[in-house]
Participant: 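Below is the structure I would like to discuss, written out as structure tokens.
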Protein chains: 2
Amino acid sequence: MIHQRECPVETLIHVLGGKWKPMILWQLIESNKRFNDLEKLIPDVSQKMLSQHLRDLEREGIVDRTIYPTIPPKVEYSLSEYGKTLIPVAEVMCAWGENHNKRKYKESAS
Amino acid sequence: MIHQRECPVETLIHVLGGKWKPMILWQLIESNKRFNDLEKLIPDVSQKMLSQHLRDLEREGIVDRTIYPTIPPKVEYSLSEYGKTLIPVAEVMCAWGENHNKRKYKESAS
DNA sequence: CTGCATCCCAAGCGATACTG
DNA sequence: CAGTATCGCTTGGGATGCAG
């Protein structure tokens, strides 16, 4: 089933619309991270949501998951080459959001 | 309360994260529209959600709402000057989403 | 015509417990 | 260490009815 969306903007929103997904991406842009690292770096995320979001991002091809079959197990998450195409998009979104937050702050302070 | 978000990307997602918001913006970019016009142009939207999303977008300063005190009442929605700053952002998002949809189609067809 | 109010369902998310 | 399973709360959204 092709299921062409009317507006591709919704596609993007769906891809990084999860509560913690932007934060996860943000961390992986900086450097590869293990599951436990992400858990510590994103204080309020639950294991369930971290796991679920990582699985979502993996399925979309945004992040790669490398398993080292050691004991104890080690799993490393990284931004895929394709995932890196999201960076400029995220930067544009970030710039607008930052400005919007400032705007809202100013008007509530007036 | 200032409530600074950690990642401004979330701010943007919150602004146009509603199910029909991208579609509404899309329509208002093209030209000003009345409530009833939007209802017809976006076939599956419910009155409740259309109203609620328009109110959200208005509160964020994205759309302007002009009331003509006629009988029957006429209300026109338009993209505000500030709202127009969203257009380039939406275009970037749209381009990525379009490519992502193609990618997903190809891999499911392989 | 342009809404708001109400009720209801589905999805998203959080907390806790358990596993290889 | 890196998860999965289950439950329950909270939010988003659809359907219907009512109002200025």
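Everything numeric here is computed off the predicted structure, so don't read it as measured data. Lettering follows sequence order; numbering is per chain, from 1.
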Participant: So do Leu54(B) and Arg65(B) actually touch side chain to side chain, heavy atoms under 4.5 Å?
Facilitator: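 A side-chain contact is absent here, since even the closest heavy-atom pair is not under 4.5 Å.
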Participant: How close or far is atom C1' of dG3(C) from atom OH of Tyr68(B), stated in whole angstroms?
Facilitator: 18 Å
Participant: Send over the distance from Glu10(A) CD to dA11(C) P, rounded to a whole Å.
Facilitator: 17 Å
Participant: Rounded to the nearest angstrom, tell me the gap between atom CE in Met23(A) and atom C1' in dC13(C).
Facilitator: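 Result: 16 Å.
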Participant: List the residues meeting side chain to side chain contact (heavy atoms under 4.5 Å, CB included) with Asn36(B), not counting sequence neighbours, and say none if there are none.
Facilitator: Glu39(B), Lys40(B)
Participant: Tell me whether Glu60(A) is salt-bridged to Lys104(B), with the criterion being a basic N under 4.0 Å from an acidic carboxylate O.
Facilitator: yes
Participant: So if I take residues 26-53 of chain B and measure heavy-atom distances to DNA chain C, which residues fall below 4.0 Å?
Facilitator: Arg34(B), Phe35(B), Asn36(B), Gln47(B), Lys48(B), Ser51(B)
Participant: Look at the aromatic rings of His100(A) and Tyr82(B) and report parallel, tilted or perpendicular, splitting at 30° and 60°.
Facilitator: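 If you compare the ring of His100(A) with that of Tyr82(B), the planes turn out parallel.
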Participant: How many angstroms lie between CG in Leu41(B) and CD in Gln27(B), if you round to the nearest 0.5 Å?
Facilitator: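 Going from CG on Leu41(B) over to CD on Gln27(B), the span is 4.5 Å.
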Participant: Report yes or no: do Trp26(B) and Val63(B) belong to one cluster of Ile/Leu/Val/Met/Phe/Trp/Tyr joined by side chain heavy-atom distances under 4.5 Å?
Facilitator: no
Participant: Are any of the side-chain heavy atoms of Val45(B) and Trp20(B) separated by less than 4.5 Å?
Facilitator: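 Yes, their side chains come closer than 4.5 Å.
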Participant: Do Leu16(A) and Ile13(B) make a side-chain contact, defined as non-hydrogen atoms from C-beta onward lying under 4.5 Å apart?
Facilitator: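 In contact.
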Participant: Would you mind reading off the bend of the helix from dC1(C)-dG20(D) to dG20(C)-dC1(D) from its two end axes, five pairs each, to 10 degrees?
Facilitator: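 Roughly 40° between the end axes, to the nearest 10°.
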Participant: Kindly state which residues belonging to residues 70-78 of chain B come within less than 4.0 angstrom of DNA chain C, counting heavy atoms of the residue only, listed by number.
Facilitator: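 Close to the strand are Pro72(B), Pro73(B), Val75(B), Tyr77(B).
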Participant: Are any non-hydrogen side-chain atoms of Glu81(B) and Asp64(B) less than 4.5 angstrom apart?
Facilitator: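 Side chain of Glu81(B) against side chain of Asp64(B), heavy atoms only: no contact under 4.5 Å found.
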Participant: Give a yes/no verdict on a cation-pi contact between Lys74(B) and Tyr68(B), requiring under 6.0 Å between NZ or CZ and the six-membered ring centre and an angle within 45° of the axis.
Facilitator: yes
Participant: Say whether, by atom type as modelled, one donor and one acceptor occur between the side chain of Ser80(B) and the main chain of Ile62(B) under 3.5 angstrom.
Facilitator: yes
Participant: Quick one: are Leu86(B) and Trp96(A) in side-chain contact, heavy atoms under 4.5 Å?
Facilitator: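 Heavy-atom side-chain distance check passes, below 4.5 Å.
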Participant: List in numerical order all residues of residues 54-65 of chain A for which some heavy atom is under 4.0 Å away from an atom belonging to DNA chain C.
Facilitator: none
Participant: Go through the structure and list residues passing side chain to side chain contact (heavy atoms under 4.5 Å, CB included) with Asp56(A), not counting sequence neighbours.
Facilitator: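 Asp56(A) satisfies side chain to side chain contact (heavy atoms under 4.5 Å, CB included) with Lys21(A), Gln52(A), His53(A), Arg59(A) once adjacent residues are dropped.
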